[in-house]
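For clarity, every value in this text was computed on a predicted model and none was experimentally measured. Lettering of chains follows the sequences in order, A, B, ..., and the numbering in each one begins at 1. The figures that follow rest on heavy atoms only: side chains count, while hydrogens, waters and symmetry mates do not.
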There are 2 protein chains.
Amino acid sequence: MNSTQYVLLSLLAREPLSGYDMKQQVDGRISFFYKMNNNQLYPSLSKLEADGLIRLQSHEKESYRPTKKVYAITDEGLACLKAWVTEPSEPEAWDEFLLKQYSSWLVEPDVLISILETRRREHEERLNGYKEKVAAFREQYEPLSSDHPFFSTVAVIEMGIGFERSYIEWCSNMIGWLKENRI
Amino acid sequence: MNSTQYVLLSLLAREPLSGYDMKQQVDGRISFFYKMNNNQLYPSLSKLEADGLIRLQSHEKESYRPTKKVYAITDEGLACLKAWVTEPSEPEAWDEFLLKQYSSWLVEPDVLISILETRRREHEERLNGYKEKVAAFREQYEPLSSDHPFFSTVAVIEMGIGFERSYIEWCSNMIGWLKENRI
DNA sequence: GCGCCCATGTAAAAGGTTACATGATTAG
DNA sequence: CTAATCATGTAACCTTTTACATGGGCGC
């Protein structure tokens, strides 16, 4: 199972769609963190169907158009998707985690909270690592001149720090929201 | 020219290194946004050398060890790297932009400032787009239940908002710093 | 008539991942 | 004597990207 297949399952978990419609949705709605092309799309659909994770719901020939094949997710497909979403991701895999979060509505709030807490801890560790690196650089090489390699090294790590901070904040917001609305 | 080749140029712009040392540096220092393996490494080095962008500086046989091939960047290589760094990246390509910023010390501050300002503007537009999307969702579907697909949709866009914000802030910090230290 | 939209797909090439291969030395 | 480190590389596989192919209808 590759990530394209999980994306297709994620979309079909929401509503039945044709291959063409799935591509439209990916392009229009989640293109900022995932891109798909026809080459991955149709073979992935065939494989999902062969594995029994999706099934052909209708096969309409609308007048002149090519037969539109609308697929729906099966119970096995839904179980497979749920298992993938709750399975831990590596901290580097931003996009995989985002894809999983796109199906977080399938997961029980308590399970989701514990996933988010683990994730937050990992990113707090990374954040501290980056902070230490930058502090060491700044101490040793102050003042930094913009034509020195370390200027860029520090700049790149600063970007990492920003991302980790917003990641951690997002986890906290999600956890807070889930705990408030759990009762 | 693929991104691996630019990474190698970025490292050699800082100091002469052997293939093995480049891999060590990538693994140890910039692994959080870039990964490299031997398969890409050695063919890329050969190609860069064939294209005259790097040259073999020394070819030492230290007693028992395999001959260590230390490469240095050429003037053509430096020009090529500089051209790549100043060339605009698409807003989606985070990692490419980060790689380019790793060599930003080669670029004149004024040029770098204008690159960062363009970049910031692009991300401000994206941020506004996401904000509008979330507002529309929240207005239509309040209150959001955590077992409804839109809960996840909104969550994912919120993460995008966080990233865009930290990106914009980083650009602003860089621009501010460069302007202060320009005189 | 030209190009775009719908809707399915395929082929070829480039890029990336995993694992293996050599071969000497040093640390346990 | 086993495993790890240094240092080069190759082979096989998987994924991704780019482009093409079909074919009718619709707007300009």
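The listed nucleotides are C/dG15, D/dT16, C/dT10; the one nearest the side chain of A/N38 is C/dT10. The listed nucleotides are C/dA7, D/dT8, C/dG16; the one nearest the side chain of A/Y42 is C/dA7. Set against D/dT10, D/dA7, C/dA7, the side chain of B/K68 has D/dA7 as its closest nucleotide.
Residue B/N37 contributes atom CG, which lies 14 Å from atom P of D/dT10 at whole-angstrom precision. To the nearest angstrom, P of D/dT8 lies 10 Å from CG of B/L56. As rounded to whole Å, 14 Å separates atom C1' of C/dG9 from atom CE of A/M36. Here the C1' atom of nucleotide C/dG16 and the CG atom of B/D95 are 13 Å apart, to the nearest Å. The interatomic distance linking B/L45 (CG) with D/dA7 (P) rounds to 14 Å, in whole Å. Whole-Å rounding puts the B/K35 NZ to C/dG16 C1' distance at 14 Å. Put simply, NZ on B/K47 is 14 Å from P on C/dG16, counting in whole angstrom units. Here the P atom of nucleotide D/dC6 and the CG atom of B/L41 are 15 Å apart, to the nearest Å.
The phosphate of C/dG16 (OP1 or OP2) has a side-chain N or O of B/T4 nearer than 4.0 angstrom.
Geometrically, A/R126 does not engage B/F32 in a cation-pi contact defined by less than 6.0 Å to the ring centre and at most 45° from the axis. Because its NZ or CZ atom is both nearer than 6.0 Å to the ring centre of A/Y102 and within 45° of the ring axis, A/R14 counts as a cation-pi partner of that residue.
Shortest non-hydrogen contact noted between B/C171 and B/R120 is CB-CB, 3.9 Å.
Here the rule is side chain to side chain donor-acceptor pair (under 3.5 Å) with A/D27, and of A/Q25, A/R29, A/Q24, A/K23 only A/K23 fits it.
The aromatic ring centres of B/F33 and B/W94 sit 6.0 Å or more apart. If you look at A/F163 and B/W170, their ring centroids are not closer than 6.0 Å.
DNA chain C is contacted by no residue of residues 17-29 of chain B, taking any non-hydrogen atom closer than 4.0 Å.
Using a 4.0 Å cut-off between charged side-chain N and carboxylate O, A/K100 and A/E96 make a salt bridge.
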